[in-house]
Amino acid sequence: VQLQAFGGGLVQAGGSLRLSCAASGRTFSSYSMGWFRQAPGKEREFVAAISRSGVNTYYADSVKGRFTISRDNAENTVYLQMNSLKPEDTAVYYCAAPDGNLISNSPNDYEYWGQGTLVTVSS
C-alpha cells in the first residue's frame, strides 16, 4: 500500500483545512484508515480512524466535534476535514493504513504510512 497525504498549509486560528490521502497498491475498501499527527518534540498521536466501509469513525478527544474523517472508496481517498483549528493542532499529519480492517488508536498497529503534510495554525 502506498499513501500520499496532501492539503496541509498555514491557517489562522479558527480556520479550516481539508487533508487528503490518496492510496494505491491494494483494494482500498479492504482496509480501515487512520490519521495521526506529530508536533515538534512530541510523540506521534492518534487523531481519527475510519472503518473500511466508512460507516464507523473514531476520534481523539482533542479533536472530537471539530474534525471529521471520511473516505471515498471509489476515489481511493481518505479525508480529514479540520474546522475551528487551534494553535495546538500544529503538527505534521500522517495518514496510515493497517494490514487489514483493524481500528486502532496506536501507531504500532499501522503498517503503511504516508509522507506527512504540515499543518501550521497561527494565533
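Here the structure is a predicted model, which is why all the values come from computation and not from measurement.
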Margin query: What verdict does the side-chain contact (heavy atoms from CB on, under 4.5 Å) test give for Y59 and T68, after you've listed the backbone C-alpha separation in whole Å, the side-chain angles of each residue and the deciding distance to 0.1 Å?
Written below: CA-CA 8 Å; Y59 298 93; T68 302; 3.8 Å; yes
Next item on the list: Write out all pairs satisfying disulfide bond (SG atoms under 2.5 Å apart) with one or both partners inside residues 21-98, taking only residues at least two apart or from two chains.
Entry: C21-C95
Notebook entry, point to check: Which residue pairs satisfy the disulfide bond (SG atoms under 2.5 Å apart) criterion with at least one member in residues 53-85, sequence neighbours excluded?
Noted result: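 Output for this query is empty, none listed.
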Under a 4.5 Å side-chain heavy-atom rule over Ile, Leu, Val, Met, Phe, Trp and Tyr, are [X] and [Y] clustered together?
X: I69; Y: V1; value: yes
X: Y58; Y: V63; value: no
X: V47; Y: V78; value: yes
X: Y31; Y: L80; value: yes
X: V92; Y: Y79; value: no

Using every non-hydrogen atom in the two residues, find where [X] and [Y] come nearest and quote the distance to one decimal.
X: A23; Y: L3; answer: CB-CD2, 3.5 Å
X: F28; Y: T77; answer: CE2-N, 3.5 Å
X: N105; Y: P107; answer: O-CD, 3.8 Å

[atom1]/[X] to [atom2]/[Y] distance, rounded to the nearest 0.5 angstrom?
X: Q38; Y: E43; atom1: CD; atom2: CD; result: 8.5 Å
X: W35; Y: E45; atom1: CH2; atom2: CD; result: 14.5 Å
X: S30; Y: D99; atom1: OG; atom2: CG; result: 9.0 Å
X: R26; Y: N76; atom1: CZ; atom2: CG; result: 12.0 Å
X: E111; Y: L102; atom1: CD; atom2: CG; result: 9.5 Å
X: L10; Y: L17; atom1: CG; atom2: CG; result: 9.0 Å

Item checked: D89/R37 under side-chain contact (heavy atoms from CB on, under 4.5 Å): CA gap, chis, key distance, verdict -> CA-CA 9 Å; D89 294 318; R37 67 186 182 186; 2.9 Å; yes
Next item on the list: Report the C-alpha distance between I103 and S51 in whole Å, list the side-chain angles of each, state the deciding distance to 0.1 Å, and finish with yes or no for side-chain contact (heavy atoms from CB on, under 4.5 Å).
Entry: CA-CA 7 Å; I103 299 289; S51 62; 4.2 Å; yes
Check: How about Y110 and Y94: are their ring centres within less than 6.0 Å of each other?
Finding: no
Next item on the list: Without swapping roles, check the side chain of N101 against the backbone of S53 for a donor-acceptor pair under 3.5 Å.
Entry: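 Answer holds: no.
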Margin query: Is it the case that the side chain of R66 and the backbone of S84 share a donor-acceptor pair, with hydrogens and angles ignored and the cut-off at 3.5 Å?
Written below: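 A pair under 3.5 Å: yes.
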Margin query: Applying salt bridge (Lys or Arg N to Asp or Glu O under 4.0 Å) to D61 and K64, what does each step give before you reach the verdict?
Written below: CA-CA 5 Å; D61 288 342; K64 202 171 294 183; 3.2 Å; yes
Notebook entry, point to check: Parallel, tilted or perpendicular: which describes the rings of Y93 and F67, with under 30° parallel and over 60° perpendicular?
Noted result: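 It falls in the tilted class, 30° to 60°.
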Check: Hey, are S104 and D109 close enough side-chain-wise for a donor-acceptor pair under 3.5 Å?
Finding: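 Short answer, yes.
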Pairs under 3.5 angstrom only: tabulate donor-acceptor contacts from the side chains of residues 115-123 to other protein residues two or more places apart or in another chain.
| unit_1 | atom_1 | unit_2 | atom_2 | d |
| --- | --- | --- | --- | --- |
| Q115 | OE1 | A5 | N | 3.1 |
| Q115 | NE2 | A5 | O | 2.6 |
| T117 | OG1 | G8 | N | 3.0 |

Next item on the list: Determine, stepwise, if the pair R44 / W113 fulfils side-chain contact (heavy atoms from CB on, under 4.5 Å).
Entry: CA-CA 12 Å; R44 193 166 297 189; W113 293 84; 3.2 Å; yes
